[in-house]
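The next block holds one structure in the form of structure tokens; read it before the comments.
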Amino acid sequence: MRLLFVCTGNECRSPMAEGLVRTWAREALGEEPEAAGVQVGSAGLAATPGRPVDPDSAAAVSRYGVHVDGFRSRLFVPRMAEEADLVLTMTRDQRRRVLNAVPRGLRRTFVLREAADLVHRADLSDLTGATLDDRAARLALRLDAARATGRPTADDDVVDPIGRPAPVHAEVAEAIATALRPLADVLLRAQRTDRSG
């Protein structure tokens, strides 16, 4: 399973999302995500490589048990999206820019809040028995099929908290966690059952 989160600078929103999924995967799988074949990454479309997570974003996401020590920003390159099973951006414009770079990624690239909405409308019945390896790719196809019922709107955008007060970072962390939780549950829930059997 290969997940990619994309924002602008890879210092606030996408590292928070990456950290949340890594933490939830560790809890669900009982081991480091990479050991279970779960690859979670993030990048920024205008990132300066090597920068740490913004301190206010790090503090905001730490309330969810996420620690981002050692994180360093990465500049988005098309290969990242080409190799991902599911790409989640923070805004509609970022989704458009990713798709301009990787047009063949249309069926697996979504705005995070759009995907969170679609997961409640998608037919997920055949995901229960899917292996962890192909779960994200299959989920992307189900979300894409459900996309016929609507398009992303301005409400789907998660605001950029960079340079803003700490409470804004806290609001953004909450928005990301709220949108991401149902997707993570679908990606990781059945694996708990598979591994215990």
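Side-chain atoms are counted along with the backbone in the values below, which use heavy atoms only and exclude waters and symmetry mates.
The side chain to side chain contact (heavy atoms under 4.5 Å, CB included) test with Phe110 singles out one residue from Thr89, Val87, Asp144, and that residue is Asp144.
At least one side-chain heavy atom of Leu187 sits under 4.5 Å from a side-chain heavy atom of Leu3. Using a 4.5 Å cut-off on side-chain heavy atoms (C-beta onward), Leu99 and Arg96 make no contact. Within the 4.5 Å cutoff, side-chain heavy atoms of Arg113 are placed close to those of Val158. Put simply, the side chain of Glu32 reaches to within 4.5 Å of the side chain of Arg26, judged on heavy atoms. Arg74 has its side chain within reach of Met80: a pair of non-hydrogen atoms, C-beta onward, lies under 4.5 Å apart. Side chains of Met16 and Tyr64 form no contact here, defined as non-hydrogen atoms less than 4.5 Å apart. At least one side-chain heavy atom of Leu106 sits less than 4.5 Å from a side-chain heavy atom of Arg95. Contact annotation: the side chain of Cys12 never approaches that of Cys7 to less than 4.5 Å [non-hydrogen atoms, C-beta and beyond].
A salt bridge links Glu114 with Arg147: at least one charged nitrogen is closer than 4.0 Å to a carboxylate oxygen. A salt bridge links Arg22 with Glu34: the distance from a Lys NZ or Arg NE/NH1/NH2 to an Asp or Glu carboxylate oxygen falls below 4.0 Å. A salt bridge does not link Arg108 to Asp85: none of the charged side-chain nitrogens sits closer than 4.0 Å to a carboxylate oxygen.
Residue-environment remark: CD (Glu83) exceeds the threshold of 12 foreign heavy atoms within 6.0 Å.
A donor-acceptor pair under 3.5 Å is formed between the side chain of Ser73 and the backbone N or O of Gly50. Using a distance-only test at 3.5 Å, with no hydrogens or angles considered, a donor-acceptor pair links the side chain of Thr109 to the main chain of Gly105.
Taking hydrophobic clusters as Ile, Leu, Val, Met, Phe, Trp and Tyr residues chained together by side-chain heavy-atom distances below 4.5 Å, Phe71 shares a cluster with Val61. Residues Leu86 and Val98 do not share a hydrophobic cluster, clusters being chains of Ile/Leu/Val/Met/Phe/Trp/Tyr side chains in contact below 4.5 Å. By the criterion of side-chain heavy atoms lying less than 4.5 angstrom apart, applied directly or through intervening Ile, Leu, Val, Met, Phe, Trp or Tyr residues, Val159 is grouped together with Leu112 in one hydrophobic cluster. Follow the hydrophobic side-chain contacts under 4.5 Å out from Val119 and you reach Val40 in the same cluster. Both Leu118 and Leu139 are assigned to one and the same hydrophobic cluster, defined by single-linkage of ILVMFWY side chains at heavy-atom distances under 4.5 Å.
Heavy atoms only, all atoms of each residue included: Leu88 and Ala115 are closest at CD2-CB, 3.7 Å. Residues Ile162 and Asp160 approach most closely at N-OD1, 3.1 Å, considering heavy atoms. Minimum heavy-atom separation, Arg138 to Ala130: NH1-CB, 3.3 Å. Asp157 and Arg92 make their closest contact through OD1-N, 2.8 Å (heavy atoms, listed as atom of the first residue, atom of the second, distance). When all heavy atoms of Leu183 and Ala116 are compared, the pair lying nearest together is CD1-N, 4.1 Å. In this structure, Ala43 and Leu75 approach most closely via the heavy-atom pair CB-C, 4.2 Å.
Atom CD of Glu18 sits about 15.0 Å away from atom CZ of Arg13, to the nearest 0.5 Å. With rounding to the nearest 0.5 Å, the separation of NE2 in His169 from CD in Glu174 is 15.0 Å. To the nearest 0.5 angstrom, Leu180 atom CG is 4.5 Å from Trp24 atom CH2. To the nearest 0.5 Å, atom CG of residue Leu127 and atom CG of residue Asp134 are 8.5 Å apart.
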Item to complete: Please lay out, stage by stage, how Asp56 and Arg164 fare under the test side chain to side chain contact (heavy atoms under 4.5 Å, CB included).
Response: CA-CA 9 Å; Asp56 287 329; Arg164 301 181 72 181; over 6 Å; no
Worksheet entry | Pair Phe76-Leu4, side chain to side chain contact (heavy atoms under 4.5 Å, CB included): steps then yes or no | CA-CA 10 Å; Phe76 172 84; Leu4 176 68; 4.2 Å; yes
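Of the N and O atoms on the side chains of Asp93 and Thr91, not one donor lies less than 3.5 Å from an acceptor on the other residue.
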